[in-house]
Amino acid sequence: MKIIEETPYRYRIEQEGAMRVPGIVYATKSLLPDERNDMALTQVANVATLPGIVRASFAMPDIHWGYGFPIGGVAATDVDDGGVVSPGGVGFDISCGVRLLVARDLARERLEPSLRAVMDHLDHAIPRGVGTKGVWRVRDRATLEGVLSGGAQYAVQQGHGVPEDLQRCEDGGVLAGADVAAVSGRAIERGLDQVGSLGSGNHFLEIQAVDRVYDAAVATGMGLTEGAVCVMIHTGSRGLGHQICTDHVRQMEAAMARYGITVPDRQLACAPVESPEGQAYLGAMAAAANYGRANRQLLTEAARRVFEAHTATTLDVLYDVSHNLAKIEQHPVDGETRTLCVHRKGATRSLPPHHPDLPADLAEVGQPVLIPGTMGTASYVLVGVGDNPAFFSTAHGAGRLQSRHAAARGTNADVVRRDLEHRGILVRGSSRRGIAEEKPEAYKDIDEVIEASDRAGLARKVVRLIPLGVVKG
DNA sequence: ATGTGC
């Protein structure tokens with residue numbers, strides 16, 4: 001594999017062999033994975049062989065090894081030119097994403113005396129851990145179908161939130177095209193009682209405060225002045241999305257030969273977007289996306305109740321955006337507008353100012369891009385910029401440096417918790433193993449990832465947030 | 001990520 005440094009923030013993997021386009025990795029020298037013993041760059045090259053891929057196989061500065069596609073990968077295929085959709089390009093946690101809430105008129109100093117109490121109440125109010133039930137125990141199939149078709153919009157219609165919440169959600173809180181018939185009975189079964197739950201791993205709900213402001217005009221417009229208190233929610237579609245990914249990978253593995261598609265890694269199983277298998281996956285994926293959005297809406301309500309009871313203020317939605325999704329979008333390719341299937345896996349959509357999919361009140365500033373760090377480090381809000389070649393995509397987090405196993409081997413939950421509390425960060429975990437696996441040192445430096453994203457021209461920094469309390473999945 | 005693994 002030949003890698004060329006194009007700029008200090010962009011590397012090109014030369015097109016060779018079965019690759020249909022080059023690979024483009026946005027990273028600094030220190031963030032770039034080691035090409036000899038890291039699988040992630042090989043995955044970027046593998047993705048470049050997919051039928052219909054256009055422009056390049058992209059990777060964001062938080063790139064690391066994933067299932068088939070790298071995490072931090074972006075690939076767009078031309079729908080009208082045999083372009084494929086691949087479940088591995090979305091990942092197992094379909095529509096995993098981030099929602100940021102801003103506490104109305106609550107500065108950090110005013111929260112601090114009651115922070116411990118608020119965290120104890122969140123500890124009770126936020127269900128989390130593997131296999132847990134959510135705050136909304138959906139008992140009947142009709143209600144779950146409402147969630148799968150209507151997402152956060154349906155949740156609000158059912159009384160879980162206010163209409164203003166939806167204006168600040170990607171796609172108004174509901175992704176069109178959900179096909180409940182493409183969701184297996186097993187996936188439905190797993191989804192029934194998990195709406196409004198965090199899950200595990202890197203999922204969390206954090207109380208944060210604005211620590212640094214980079215663009216005062218944009219930040220003020222978003223209510224993000226220095227010291228402002230926020231709540232960040234990071235979760236996805238739980239067991240339902242996982243089951244849908246499993247089901248459709250299996251179906252596509254069986255179908256690929258029929259379409260004459262060969263891929264260098266069986267984890268890149270795919271089918272043409274315009275095939276029954278491609279359409280079934282996209283329909284089920286949209287259903288999982290809506291489940292993920294309803295999930296974040298229910299957790300918003302749970303956190304809101306705690307803040308309203310214990311801080312005498314409420315929480316407003318700043319934005320909700322997914323970083324694991326494939327979407328049908330229009331983009332120019334070689335001077336012509338084409339319909340593309342844009343896979344973002346561990347990559348945040350980042351629309352520039354005046355993009356037609358933005359709500360009117362964000363038209364001037366662009367889409368808020370929400371990027372969490374680790375439980376001990378900063379998170380960021382950025383905004384989309386106009387000349388992003390990666391189909392308006394940015395990093396999604398710090399990116400793992402160590403495997404879960406390696407991270408847990410070097411420490412334990414008590415050590416990690418003590419380290420964090422020493423720095424004034426309260427932790428409410430769900431499993432000791434999970435706390436150890438999620439230690440901040442297991443990840444890349446989020447400040448460096450954000451700096452690289454900003455300098456590479458993928459998005460622009462607005463504010464830096466630091467954690468005050470972490471409710472960990 | 002996941003009722004964590006054939």
Side-chain angles (χ1 to χ4, degrees), chain A residues 39-40 43 62-73 86-99 127-134 137-138 144 183-205 233-250 253 266-267 269 281 284-285 287-289 291-293 295-296 299 322-326 343-348 372 374-375 396-409 429-438 442-443 471-473:
Chain A
M39 300 290 286
Q43 292 186 319
D62 52 336
I63 177 179
H64 58 289
W65 178 82
Y67 179 89
F69 282 58
I71 295 162
S86 173
V90 172
F92 276 84
D93 193 4
I94 297 168
S95 194
C96 181
V98 180
R99 181 181 285 217
R128 56 202 191 276
V130 179
T132 45
K133 298 182 192 312
R137 306 286 169 83
V138 175
L144 191 73
V183 180
S184 69
R186 203 169 173 191
I188 299 268
E189 187 61 36
R190 290 180 70 173
L192 276 173
D193 50 15
Q194 291 190 322
V195 186
S197 63
L198 273 183
S200 63
N202 62 2
H203 290 167
F204 65 79
L205 183 149
I233 298 169
H234 177 209
T235 186
S237 53
R238 307 286 284 103
L240 177 128
H242 190 275
Q243 189 63 48
I244 286 172
C245 182
T246 304
D247 294 340
H248 288 263
V249 163
R250 195 168 301 148
E253 275 175 349
R266 65 178 296 189
Q267 294 185 350
Y281 172 69
M285 182 211 71
Y291 188 95
R293 289 155 184 215
N295 189 22
R296 292 192 286 274
L299 289 170
S322 171
H323 47 234
N324 284 5
L325 213 53
H343 301 73
R344 295 187 183 88
K345 180 189 193 177
T348 312
T374 73
M375 59 182 168
H396 87 304
R400 259 197 183 276
L401 215 48
Q402 293 174 6
S403 69
R404 295 194 166 277
H405 185 76
R409 193 166 44 209
S430 75
S431 88
R432 290 181 51 81
R433 173 88 189 175
I435 296 285
E437 288 177 351
E438 286 293 314
Y443 285 85
V471 179
K472 194 70 181 143

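A note on names: the letters A, B, ... follow the listed sequences, proteins ahead of strands, and every chain is numbered from 1.
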May I have the distance from [X] (atom [atom1]) to [N] (atom [atom2]), rounded to whole angstrom?
{"X": "A:Ile94", "N": "B:dT2", "atom1": "CD1", "atom2": "C1'", "result": "12 Å"}
{"X": "A:Leu198", "N": "B:dT2", "atom1": "CG", "atom2": "C1'", "result": "15 Å"}
{"X": "A:Glu437", "N": "B:dT4", "atom1": "CD", "atom2": "P", "result": "14 Å"}
{"X": "A:Arg238", "N": "B:dT2", "atom1": "CZ", "atom2": "C1'", "result": "8 Å"}
{"X": "A:Tyr291", "N": "B:dT2", "atom1": "OH", "atom2": "P", "result": "11 Å"}
{"X": "A:Asp93", "N": "B:dT4", "atom1": "CG", "atom2": "C1'", "result": "14 Å"}
{"X": "A:Ile244", "N": "B:dT2", "atom1": "CD1", "atom2": "P", "result": "14 Å"}
{"X": "A:Asn324", "N": "B:dT2", "atom1": "CG", "atom2": "C1'", "result": "13 Å"}

(request) To the nearest 0.5 Å, tell me how far A:Leu325 CG sits from A:Ser237 OG. (result)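 So the gap between those two atoms works out to 9.5 Å.
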
(request) Using the test ring pair (Phe, Tyr, Trp, His ring centres under 6.0 Å), find all partners of A:His64 that sit at least two apart in sequence or belong to another chain. (result)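 Scan of A:His64 (ring pair (Phe, Tyr, Trp, His ring centres under 6.0 Å), adjacent residues dropped) gives none.
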
Using a 4.0 Å heavy-atom cut-off, does [X] contact any base of the nucleic acid, only the sugar-phosphate backbone, or nothing at all?
{"X": "A:Arg433", "answer": "nothing"}
{"X": "A:Gly199", "answer": "sugar-phosphate"}
{"X": "A:Gly236", "answer": "nothing"}
{"X": "A:Gln194", "answer": "sugar-phosphate"}
{"X": "A:Gly91", "answer": "nothing"}

Using atom types as modelled and distance alone, determine if a side-chain donor or acceptor of [X] lies under 3.5 Å from a backbone N or O of [Y].
{"X": "A:Asn324", "Y": "A:Gly97", "value": "no"}
{"X": "A:Arg296", "Y": "A:Thr235", "value": "yes"}
{"X": "A:Asp62", "Y": "A:Gly72", "value": "no"}

(request) Let me have DNA chain B in dot-bracket notation, would you? Count Watson-Crick plus G-U wobble pairs, both distances under 3.5 Å, and use [ ] for pairs crossing earlier ones and | for inter-strand partners. (result) ......

(message) If you compare every side-chain N and O of A:Ser200 against the phosphate oxygens of B:dT4 (OP1, OP2), does one of them come in below 4.0 Å?
(response)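 No, because none of the side-chain N or O atoms of A:Ser200 sits under 4.0 Å from OP1 or OP2 of B:dT4.
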
(message) I'd like to know whether the aromatic ring centres of A:His323 and A:His234 sit less than 6.0 Å apart in this structure.
(response)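 That pair passes the under 6.0 Å test.
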
(request) Please name the pair of heavy atoms, one in A:Pro127 and one in A:Thr132, separated by the smallest distance, quoted to 0.1 Å. (result)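 So the minimum-distance heavy-atom pair works out to C-OG1, 4.5 Å.
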
